[in-house]
Amino acid sequence: MYNGGKIILGLAIFVGLIAIPFIKGATGGTAQPNPSTDTPAIQKLAVKQCIEPTTYMKANHMEILHKWMDAVTSGATNTTFTSPTTGQAYPMALDTCFGCHSNKKQFCDRCHNYMAVKLPCFQCHQDPEAAGASGGADSNAAQ
Amino acid sequence: MRFLVPLVAVLVLVLLAIAGAGAHLQFLLGVVVPYAALAVFVLGMIAKVVGWGKVPVPFRIPTTCGQQKSLPWIKQNKIENPSGAGGTFIRMLLEVLVFRTLWRNLRTEMHGTPDNPQLVYKSTRWLWLGGMMFHWAFLIIVIRHLRFFFQRVPGFVQSIEHVDNGLKFLTTYPAVTNPGKLSAALHGFLQVGMPMLYVTDILFITAVTYLLLRRIFIPQVKYMTLANDSFPLFLILGIGISGVVMRYFHRVDVVGVKNLAMGLVSFHPVVPSSVGSIFYVHLLLVSTLLAYFPFSKLVHFGGVFLSPTRNLANNSREVRHINPWNYPVEVHTYEEYENDFRAKMKMAGIPVEKEED
């Protein structure tokens with residue numbers, strides 16, 4: 001091979017870069033986030049069912065929340081959401097979610113940290129777990 | 001043929017992935033095929049580059065467009081006509097990062113009247129622009145995807161993502177902070193309120209579409225286009241569209257996707273249950289791209305570093321480059337000739353350089 005040193009160095013960089021995630025993955029462990037639905041409110045439910053099927057919620061919860069936010073902040077007349085899954089009506093509010101999912105750290109944060117996706121909800125809203133001390137959830141969002 | 005067959009091939013791949021996901025072949029599509037494709041990609045690239053490395057480049061053949069190193073009072077263009085390693089390195093850097101040669105692209109056109117035709121050379125940089133958009137967007141998108149392959153997402157990936165969300169101001173909380181009509185319209189029209197719209201997604205799809213359309217609509221380019229030019233474009237466009245659809249319109253469970261990716265990189269493959277078939281379309285197209293890469297024009301990814309017209313210093317006047325396959329030529333010097341025939345030459349009165357042996 002001509003200029004073998006330089007070519008092998010280049011190939012080593014190429015292979016090395018591709019190997020990094022494999023080395024890290026094989027040595028670092030791959031704990032899945034496993035968000036917890038173990039809250040008192042969910043325990044009390046006879047049928048453990050969110051407002052939409054779990055598969056749908058996993059992929060699309062942000063879209064629902066965003067539509068709700070749009071509806072509420074733009075002053076829409078109808079701000080209740082009738083679930084096609086459970087048949088019940090829910091107010092379009094983050095408190096509806098927090099009513100069951102009161103464990104942000106074990107629920108929201110687990111997947112969001114795993115995926116490194118920011119939670120824009122809490123730029124305005126208050127974390128229900130932290131809210132206990134400062135008096136009532138959603139005191140900011142109420143404005 | 002140049003467009004239809006590759007397009008059909010990509011569509012067949014899409015249908016295969018949908019059918020495979022429907023037939024519970026998730027392990028095949030999500031684990032076996034990606035592993036095989038990555039192996040073909042890495043080994044194929046190594047074989048290609050080693051193969052190129054075995055070809056001797058005996059002479060300096062850089063393409064130059066600046067003053068060569070010459071007399072001390074003539075100013076050398078050290079980047080366009082490098083004589084040492086430093087200049088060559090900067091030249092390669094410009095080539096790899098900003099496509100320096102493509103920036104010089106010229107178009108030859110006939111202007112003037114039929115009686116008085118004028119040949120005009122114009123610089124044309126649309127291809128450069130499309131290429132830059134495509135390659136840089138692709139790189140940033142690949143870097144963004146690293147979040148699926150690291151348990152703790154590296155900080156630089158998040159920084160890049162943050163910058164890539166540059167259009168955030170158009171779509172975030174339009175009703176709260178930015179009640180402008182434009183933003184509201186964009187927000188409603190694009191339906192990209194929640195997962196932030198990435199600038200690179202727009203640039204990437206735009207660039208690939210442009211690169212494809214120029215092959216279809218510019219007659220001279222169409223004439224040169226072969227199936228192996230349009231196939232990668234259709235394939236990459238398919239990857240882009242499936243990715244965009246998956247992110248903004250027909251969402252999948254990204255945690256499941258990451259579980260699958262982490263399973264692959266930790267060699268403990270897991271197949272998530274709740275990931276939609278659109279993901280397997282995306283993955284099969286990416287696997288196809290990886291496996292196809294080393295055997296296609298796309299190897300310029302490695303080839304650009306081994307381009308002798310770019311990576312050689314123009315030092316032909318300073319260093320003697322000897323062709324490695326020169327065989328030894330038997331020479332008979334004049335000195336030896338004179339030694340052989342000196343006596344006869346003297347007798348015939350022919351002048352000699354040395355009088356005696």
Side-chain angles (χ1 to χ4, degrees), chain A residues 1-15 17-35 53-67 69-76 110-118 120 123-124 141, chain B residues 38 41-42 45-46 49-50 52-58 146-154 157-158 161-162 172-176 179 184 187-188 191 193-196 250-259 261-268 270 273-276 301-302 305-306 311 324:
Chain A
M1 202 149 73
Y2 300 88
N3 292 313
K6 285 178 198 161
I7 291 177
I8 288 168
L9 179 69
L11 283 175
I13 293 172
F14 168 68
V15 175
L17 284 176
I18 292 178
I20 291 173
F22 287 93
I23 295 166
K24 279 224 155 195
T27 55
T30 57
Q32 294 187 4
N34 296 325
T54 309
T55 359
Y56 183 86
M57 289 308 289
K58 274 185 182 173
N60 296 292
H61 61 276
M62 72 299 280
E63 180 69 11
I64 293 178
L65 288 171
H66 199 251
K67 278 183 180 158
M69 184 197 76
D70 261 5
V72 173
T73 52
S74 63
R110 285 209 178 154
C111 292
H112 276 260
N113 289 342
Y114 185 58
M115 297 307 302
V117 176
K118 290 202 182 82
Q123 288 170 4
C124 301
Chain B
L38 188 67
F41 172 64
V42 173
M45 284 304 291
I46 292 173
V49 170
V50 170
W52 289 328
K54 284 182 177 164
V55 179
V57 184
L146 290 179
R147 70 147 82 170
F148 291 104
F149 297 99
F150 289 96
Q151 184 76 21
R152 280 180 60 86
V153 180
V157 175
Q158 297 184 52
E161 191 185 338
H162 184 71
T172 336
Y173 313 131
V176 180
H187 174 70
Q191 293 188 356
M194 207 43 221
M196 303 302 179
H250 189 77
R251 296 192 184 84
V252 297
D253 170 21
V254 279
V255 171
V257 173
K258 182 161 181 175
N259 288 344
M262 290 308 298
L264 290 178
V265 295
S266 62
F267 301 104
H268 295 291
V270 283
S273 53
S274 61
V275 177
F301 162 60
F305 297 100
L306 285 103
N311 68 10

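Order of the sequence lines sets the chain letters (A, B, ...), proteins ahead of strands, with each chain counted from 1.
When the candidates Lys258(B), His268(B), Met45(B) are compared by the number of heavy-atom contacts under 4.5 Å with chain A, Lys258(B) comes out ahead.
Residue Phe305(B) does not touch chain A at all, counting heavy-atom pairs closer than 4.5 Å. Contact of Leu264(B) with chain A is made through the backbone alone, with heavy-atom distances under 4.5 Å. Residue Ala19(A) does not touch chain B at all, counting heavy-atom pairs closer than 4.5 Å. Heavy atoms closer than 4.5 Å to chain A are found in the backbone of Val252(B), but not in its side chain. For Gln158(B), the part lying near chain A is the side chain, with the backbone staying farther off; criterion is any non-hydrogen pair under 4.5 Å. For chain B, the nearby part of Phe14(A) is the side chain; its heavy atoms alone come within less than 4.5 Å. With a 4.5 Å cut-off on non-hydrogen atoms, Val257(B) does not touch chain A at all.
Residues Leu11(A) and Val50(B) meet the side-chain proximity criterion, which asks for heavy atoms closer than 4.5 Å. The shortest distance between side-chain heavy atoms of Ser273(B) and Thr55(A) does not fall below 4.5 Å. Residues Met262(B) and Gln32(A) have side chains not in contact (no heavy-atom distance under 4.5 Å, counting atoms from C-beta outward). Annotation: side chain of Val255(B) is not in contact with side chain of Arg110(A) (no heavy-atom distance under 4.5 Å).
The CG atom of Asn3(A) sits 8.0 Å away from the CG atom of Asn311(B) when rounded to the nearest 0.5 Å. If you take CG on Asn60(A) and NE2 on His250(B), they are separated by 8.5 Å, rounding to the nearest 0.5 Å. Expressed to the nearest 0.5 Å, how far CH2 of Trp52(B) lies from CD1 of Ile7(A) amounts to 10.0 Å. Between atom CG of residue Asp253(B) and atom CE of residue Met57(A) there is a gap of 12.0 Å, rounded to the nearest 0.5 Å. With rounding to the nearest 0.5 angstrom, the CG atom of Asn259(B) is 4.0 Å from the OH atom of Tyr114(A).
Scanning both residues, Gly25(A) and Ser266(B), for their nearest heavy atoms gives O-CB, 3.2 Å. Minimum heavy-atom separation, Phe22(A) to Leu38(B): CZ-CD2, 3.4 Å. Here the closest heavy-atom approach between residue Ile18(A) and residue Phe41(B) is recorded as CD1-CE2, 3.8 Å. Scanning both residues, Pro21(A) and Phe149(B), for their nearest heavy atoms gives CB-O, 3.8 Å. Closest heavy-atom contact between Met1(A) and Lys54(B): CG-N, 4.1 Å.
Scored by the salt bridge (charged side-chain N to carboxylate O under 4.0 Å, His left out) test, Lys24(A) finds no partners at all (sequence neighbours excluded).
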